[in-house]
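Structure first, then comments.
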Amino acid sequence: MSLHHAVEITLIRPVTHAELAHAARTLPLAANHDATRLMAVVHAKTPGRSIRHVRRRLREALPVDVITTHYPDSSGHVLLNITLPPHADTALRRAAACAGQTPRIFVQLALHRALAQHIEEEAALLDGAVQRLLATTTASQLLAAVGRALTFTPGAPSC
């Protein structure tokens, strides 16, 4: 078990250099180009503790929206930490209770359903695009074009 965990922090808005410098005194941070996403490596016994540690350290310093573990755990899961506004938290707890679930399980199942639906929709779009292409070309021409696209290296000299 690793005692260091990579954590990604998504901010509500871009932060100023001064805000970032102030927060970095509390926790070493690396920012992306527009200062809306940050990375930190946190010493903690578990990924969950690392996320809670970051939330506590940055609560007053930065407009944190979402905190996630950057790498999946041994089960392939990425932890997600969101602080909801009070009205949204109340609504979530009420809906979870009506479903006979904890808020955590309720959100987890809702996310799984949404991701599964998204995957199905993307597959259907891709299937439709392939069918439209096959209506005007042969399967071998389509496979050759896919092969060229997958092996194309931008900036490489063409022969």
Side-chain angles (χ1 to χ4, degrees), residues 1-21 23-24 27-55 57-58 61-84 88 92 95 99 101 103-159:
M1 177 186 289
S2 173
L3 292 180
H4 289 90
H5 305 278
V7 175
E8 185 168 351
I9 304 136
T10 304
L11 303 173
I12 294 169
R13 62 169 172 78
V15 293
T16 66
H17 180 72
E19 288 173 308
L20 187 57
L27 182 69
L29 299 165
N32 70 334
H33 70 285
D34 65 357
T36 57
R37 290 183 26 220
L38 309 172
M39 290 293 299
V41 176
V42 181
H43 180 79
K45 287 184 180 179
T46 67
R49 285 184 180 182
S50 69
I51 287 177
R52 287 189 297 278
H53 175 78
V54 169
R55 177 73 67 185
R57 296 293 273 298
L58 298 179
L62 295 174
V64 174
D65 189 17
V66 178
I67 303 172
T68 64
T69 50
H70 189 65
Y71 298 106
D73 63 15
S74 58
S75 302
H77 297 121
V78 173
L79 297 181
L80 177 69
N81 178 288
I82 302 170
T83 300
L84 298 173
L92 170 65
Q101 300 166 341
R104 179 181 181 152
I105 296 298
F106 184 80
V107 169
Q108 185 177 18
L109 292 173
L111 284 172
H112 282 280
R113 282 191 303 271
L115 288 172
Q117 181 179 348
H118 176 73
I119 289 168
E120 282 181 27
E121 290 169 357
E122 289 291 312
L125 286 172
L126 184 58
D127 289 348
V130 168
Q131 291 304 318
R132 285 187 300 281
L133 287 168
L134 286 172
T136 60
T137 189
T138 66
S140 60
Q141 290 171 319
L142 180 57
L143 283 174
V146 168
R148 285 190 303 276
L150 292 174
T151 58
F152 174 75
T153 305
S158 57
C159 299

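Side chains are part of it too, since the values below use all heavy atoms of this structure and drop only hydrogens, waters and symmetry mates.
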Heavy-atom pair with the smallest gap, counting every atom of [X] and [Y]:
X      : Y      : value
Ala61  : Ala23  : CB-CB, 4.0 Å
Thr46  : His5   : C-NE2, 3.5 Å
Leu84  : Ala88  : CB-CB, 4.2 Å
Leu11  : Ala35  : CD1-O, 3.5 Å
Ala139 : Leu134 : CA-CD2, 3.8 Å
Thr69  : Leu79  : OG1-N, 2.8 Å

Treating Thr10 as the side-chain partner and Asp65 as the backbone partner, does any N or O pair qualify as donor plus acceptor under 3.5 Å?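 No.
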Using only atom types and a distance under 3.5 Å, with no angle test, would you say the side chain of Thr136 pairs donor to acceptor with the backbone of Leu133?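 Pair found, side chain donor or acceptor close to backbone of Leu133.
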Going from CG on Leu143 to OG1 on Thr137, what distance comes out if it is rounded to the nearest 0.5 angstrom?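 Answer rounded to 0.5 Å: 10.0 Å.
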What distance separates Arg13 CZ from Thr36 OG1, expressed to the nearest 0.5 Å?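 Arg13 atom CZ to Thr36 atom OG1 measures 11.5 Å (nearest 0.5 Å).
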Note, [X] side chain near [Y] side chain (heavy atom, < 4.5 Å):
X     : Y     : value
Val78 : Leu80 : no
Thr68 : Asn81 : no
Leu27 : Leu58 : yes

Does atom CZ of Arg55 have more than 12 heavy-atom neighbours from other groups under 6.0 Å away?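 Result for CZ/Arg55: enclosed.
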Mind listing the side-chain donor-acceptor pairs of residues 111-128 below 3.5 Å, one per line with the distance, residues two or more places apart or on another chain?
unit_1	atom_1	unit_2	atom_2	d
Gln117	NE2	Glu121	OE2	2.9

Worked verdict on Leu29 versus Leu62 for side-chain contact (heavy atoms from CB on, under 4.5 Å): CA-CA 12 Å; Leu29 299 165; Leu62 295 174; 4.2 Å; yes
